[in-house]
Enquirer: 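Quick one: the structure is below, questions incoming.
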Amino acid sequence: MTILSPGSGSRRCWTRCRTWPSPAAPADRAPAAVRDHAPDVVLLDASPPHPGAVGRLARAAAAVRIVVVTATQDPHVLVQVLAAGAHGCLTYGHFEPADLADVLLAAGRGESSLSPPAVTALVRWLHDGTRRLPPDRQGPGLTAREAEILDLIAAGLTNRQIARRLVIAEKTVKNHAHQIYRRLGAAGREHAIARWRELRPAPAGGGADIP
């Protein structure tokens with residue numbers, strides 16, 4: 001998570017930011033950091049992003065603008081994140097990294113940016129006639145971390161790339177991957193990805209109303 005200092009009106013804002021997680025500032029302290037620093041914008045890079053975490057950040061400072069960057073393209077997750085308080089949502093492969101600074105500055109001005117998968121998810125939700133959100137799903141017995149790693153695997157990242165993204169050891173990623181395969185009854189990486197894509201669609205009905 002990156003928070004941009006108040007009053008950042010140009011690309012110089014990149015020199016005035018703090019990033020989590022780090023050994024000195026674990027992710028569970030992010031809402032407190034938002035309260036302490038009163039940022040204009042929070043950039044949250046998470047795959048999958050958790051609506052509860054987004055909601056906690058949004059409640060930490062009423063004026064903060066949250067931009068989520070994720071490898072997840074699950075429409076249900078994207079809608080949940082926006083409903084929880086995100087003002088923008090970018091999906092990897094659908095934006096240019098060089099444009100990210102402009103997206104954050106636009107967020108500070110009160111503008112929203114959505115990648116095509118997020119736009120499609122939002123429009124489908126608006127048109128489905130129920131205006132209800134599906135429950136937060138992590139798959140058959142997967143932990144939040146396992147679901148996060150499996151989303152990155154499905155996005156095509158190697159174990160080394162996942163380790164760097166999540167700031168954990170590559171051996172830890174491998175251990176999680178083996179546990180994921182066991183939980184999904186998968187023979188390997190490709191089989192696990194296929195099983196994950198089968199399991200992710202929302203069941204018919206169900207879901208919590210947006211307040």
Side-chain angles (χ1 to χ4, degrees), residues 1-3 17-34 42-57 60 66-81 84 86 89-95 97 100 115 117-118 121 133-203:
M1 183 193 80
T2 300
I3 61 175
C17 67
R18 297 188 64 183
T19 302
W20 280 259
S22 72
D28 59 4
R29 288 175 50 192
V34 169
V42 168
L43 173 64
L44 180 64
D45 186 337
S47 298
H50 299 293
V54 173
R56 287 190 292 274
L57 290 173
I66 301 168
V67 177
V68 173
V69 179
T70 183
T72 298
Q73 296 194 29
D74 185 323
H76 307 293
V77 173
L78 298 178
V79 169
Q80 286 175 332
V81 165
C89 186
L90 305 180
T91 55
Y92 283 108
H94 294 273
F95 71 96
L100 187 55
S115 289
L133 289 175
D136 188 10
R137 290 163 291 111
Q138 295 175 355
L142 296 184
T143 66
R145 176 62 94 182
E146 288 167 352
E148 183 176 25
I149 288 173
L150 187 48
D151 262 327
L152 293 173
I153 290 174
L157 275 68
T158 65
N159 288 347
R160 179 169 297 181
Q161 290 171 325
I162 293 171
R164 289 176 178 171
R165 174 74 60 81
L166 301 180
V167 196
I168 59 178
E170 186 175 353
K171 182 178 180 180
T172 302
V173 176
K174 290 179 180 178
N175 290 339
H176 278 302
H178 287 304
Q179 182 71 353
I180 289 166
Y181 302 158
R182 186 185 69 79
R183 292 186 192 276
L184 294 179
R189 203 176 189 90
E190 295 303 319
H191 189 192
I193 292 171
R195 289 279 293 129
W196 188 233
R197 289 173 177 165
E198 291 172 2
L199 293 165
R200 292 295 275 176

Enquirer: I need the minimum non-hydrogen distance between Glu148 and Pro48, along with the two atoms involved.
Expert: CA-CD, 2.8 Å
Enquirer: Which pair of heavy atoms, one from Pro49 and one from Val77, lies closest together, and at what distance?
Expert: O-CG1, 3.8 Å
Enquirer: With no hydrogens and no angle check, just 3.5 Å: does a side-chain donor-acceptor pair link Ser47 and Asp151?
Expert: no
Enquirer: Between OG1 of Thr158 and CZ of Arg165, what distance do you get to the nearest 0.5 Å?
Expert: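 So the gap between those two atoms works out to 10.5 Å.
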Enquirer: Of all the heavy-atom pairs spanning Ala60 and Pro31, show the shortest one and how long it is.
Expert: CB-O, 3.5 Å
Enquirer: Report the residues that fulfil ring pair (Phe, Tyr, Trp, His ring centres under 6.0 Å) with Tyr181, sequence neighbours left out, ordered by chain and then residue number.
Expert: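 Result, ring pair (Phe, Tyr, Trp, His ring centres under 6.0 Å) vs Tyr181: none returned.
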Enquirer: Can Leu78 and Thr70 be said to form a side chain to side chain contact (heavy atoms under 4.5 Å, CB included), step by step?
Expert: CA-CA 9 Å; Leu78 298 178; Thr70 183; 4.1 Å; yes
Enquirer: Can you tell if the side chain of Leu152 reaches within under 4.5 Å of the side chain of Leu166, non-hydrogen atoms only?
Expert: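 Heavy-atom side-chain distance check passes, below 4.5 Å.
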Enquirer: To the nearest 0.5 Å, what is the distance between CG on Leu90 and CG on Asp45?
Expert: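 Nearest 0.5 Å value for the CG-CG distance: 10.0 Å.
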Enquirer: With rounding to the nearest 0.5 angstrom, report the CG to CD1 distance, Leu157 to Ile149.
Expert: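 If we round to the nearest 0.5 Å, Leu157:CG and Ile149:CD1 are 11.5 Å apart.
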Enquirer: Residues in side chain to side chain contact (heavy atoms under 4.5 Å, CB included) with His191, at least two apart?
Expert: Ala186, Ala187, Arg195
Enquirer: When rounded to the nearest 0.5 angstrom, what is the spacing between CZ in Arg164 and CD1 in Ile162?
Expert: 12.5 Å
Enquirer: Sequence neighbours left out, cut at 3.5 Å: what donor-acceptor pairs do the side chains of residues 172-179 make with other protein atoms?
Expert:
| unit_1 | atom_1 | unit_2 | atom_2 | d |
| --- | --- | --- | --- | --- |
| Asn175 | ND2 | Lys171 | O | 3.4 |
| Gln179 | OE1 | Arg182 | NE | 3.3 |

Enquirer: Work out which heavy atom in Cys89 is nearest to a heavy atom in Ala118; give both atom names and the distance.
Expert: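 Taking Cys89 first and Ala118 second, the nearest heavy atoms are O-CB, 4.0 Å.
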Enquirer: Is there side-chain contact between Leu44 and Val81, with at least one heavy-atom pair below 4.5 Å?
Expert: no
